[in-house]
Amino acid sequence: MKVFRTPSEVRAWSLEQRCAGKSVGLVPTMGALHVGHGALMKECAKRDDARIFSLFVNPAQFAPHEDYAHYPRTFDRDCELAAEWGMEAVYCPTAEAMYPEGYTTYVTVEELDQRLCSVTRPHFFRGVATVVTKLFNAVLPNRAYFGQKDAQQCAIIRRMVQDLDFGVEIVAVPTVREPDGLAFSSRNEYLNAADRERALGLSRGLQKGRALIEAGERDPNKVIEAVRQTMNGVEVDYVELVNADTIQPLDVVEGKVLLAVAAKVGKARLIDNIIYEVPQS
Ligand code: AMP
């Protein structure tokens, strides 16, 4: 695995690949890799000739009371797994190099960052958009891969790439789940056995929502209320039904709808969602 620590090192590698006619694929991660990240990397390996992942726990997307200090850091294992999944290089800058003293420039994507995770984590998407901008400017990828599990993040990155003319193709990869429905997440490591059982409340809620929509329910409030009722055992942060591209609330459940949930389970805050294409009536 080639290891790059500075923007100039990684940019030199990327330009060499691109000059040789190769496409460069980037998979941004915060490490503690699991098979969800693996799906993004395998997709990248299918499409791109030169494949790099970034491993950076981004302080700009954590509030002071959140888990930045405790976030799992497993560099050697991550590199081994990523190599198995087809990655040949990793970009892992230090936090001091990314945000040196006096750092002042941040990227915000307006309107899409008003609901869902932004309500309890108002700092979060500014941090994400800023770090993704910095990663794109350093790595100069042709394509970048993101998980549908972070659906609001996908919508925000797509809009940012379009609005700021990045010229990077964004590939969204479906959520990978354990056999019982729990979405893989680095934060699942915080769950004890009882929390792990309770965490199924999220996917149970989404299944209930899907069943209601498939049965013809078109009143967003009725779907949201039923999903909430089904998520017993977890401390619900939000249940929302929005348009998947604009992250705006729906009057009627139709079009490309995103049913998104977030909940606290033990020490972990977990999110999950489904995206559903509902024909216009
Ligand atoms: P993270 O390391 O948690 O920042 O995640 C890095 C990327 O992996 C993001 O684009 C996530 O959406 C994606 N990802 C995380 N969990 C999953 C999953 N269970 N299935 C698919 N993609 C995922």
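Since the structure is predicted, the reported quantities are computational estimates derived from the model, not experimental observations. Each ligand, and each atom within it, is numbered from 1 in the order the structure gives.
Heavy-atom proximity to atom 21 (C) of ligand 1, evaluated over P174, A144, S186, A39, is greatest for P174. In this comparison of R187, H34, H37, the heavy atom closest to atom 5 (O) of ligand 1 sits on H37.
Heavy atoms of M30 found under 4.0 angstrom from ligand 1 belong to the backbone as well as the side chain. Of the heavy atoms in Q153, only side-chain atoms (C-beta onward) come closer than 4.0 Å to ligand 1.
Looking at atom 20 (N) of ligand 1, its nearest protein heavy atom turns out to be V176 N, 2.9 Å. The protein atom (non-hydrogen) at minimum distance from atom 11 (C) of ligand 1 is D150 OD2, 3.1 Å.
Residue S185 has no nitrogen or oxygen atom sitting less than 3.5 Å from a nitrogen or oxygen atom of ligand 1, judged on distance alone. Here's the thing with V173: none of its N/O atoms is less than 3.5 angstrom from an N/O atom of ligand 1. By the 3.5 Å distance cut-off applied to N or O atoms, F184 is counted among the residues near ligand 1. Of the N or O atoms in L40, none lie within a sub-3.5 Å distance of an N or O in ligand 1. By the 3.5 Å distance cut-off applied to N or O atoms, G147 is counted among the residues near ligand 1.
Under the side chain to side chain contact (heavy atoms under 4.5 Å, CB included) rule, D113 has a single partner from I156, V119, V128, I247, which is I156.
Salt-bridge annotation for K2 and E88: present, with a side-chain N of the basic residue lying under 4.0 Å from a carboxylate O of the acidic one. For R5 and E9, the salt-bridge test fails: no basic side-chain N is under 4.0 Å from an acidic carboxylate O. The pair E66-R121 meets the salt-bridge criterion, since a charged nitrogen lies less than 4.0 angstrom from a carboxylate oxygen. Ion pairing between E80 and R77 fails under the 4.0 Å rule for side-chain N and carboxylate O.
Between A32 and ligand 1 there is no heavy-atom distance shorter than 4.0 Å.
Short contacts between ligand 1 and T175, defined as distances under 4.0 Å to a heavy atom of the residue, involve ligand atoms 20 (N), 21 (C). Near F146, with a cut-off below 4.0 Å to any heavy atom, the atoms of ligand 1 are 10 (O). For ligand 1 and T29, the ligand atoms under 4.0 Å from any heavy atom of the residue are 2 (O), 6 (C). Near P28, with a cut-off below 4.0 Å to any heavy atom, the atoms of ligand 1 are 6 (C), 7 (C).
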Working for salt bridge (Lys or Arg N to Asp or Glu O under 4.0 Å), residues K256 and D245: CA-CA 8 Å; K256 188 176 169 192; D245 295 323; 3.1 Å; yes
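Remark: E111 CD is loosely packed, at most 12 non-hydrogen atoms of other residues, nucleotides or ligands lying under 6.0 Å away. Other residues, nucleotides and ligands contribute at most 12 non-hydrogen atoms within 6.0 Å of the CD atom of E197.
Side chain of D78 to main chain of L33: a donor-acceptor pair is present (N/O by atom type, distance under 3.5 Å, no hydrogens or angles).
Side-chain contact between K208 and L259 is absent, with no heavy-atom pair separated by less than 4.5 Å.
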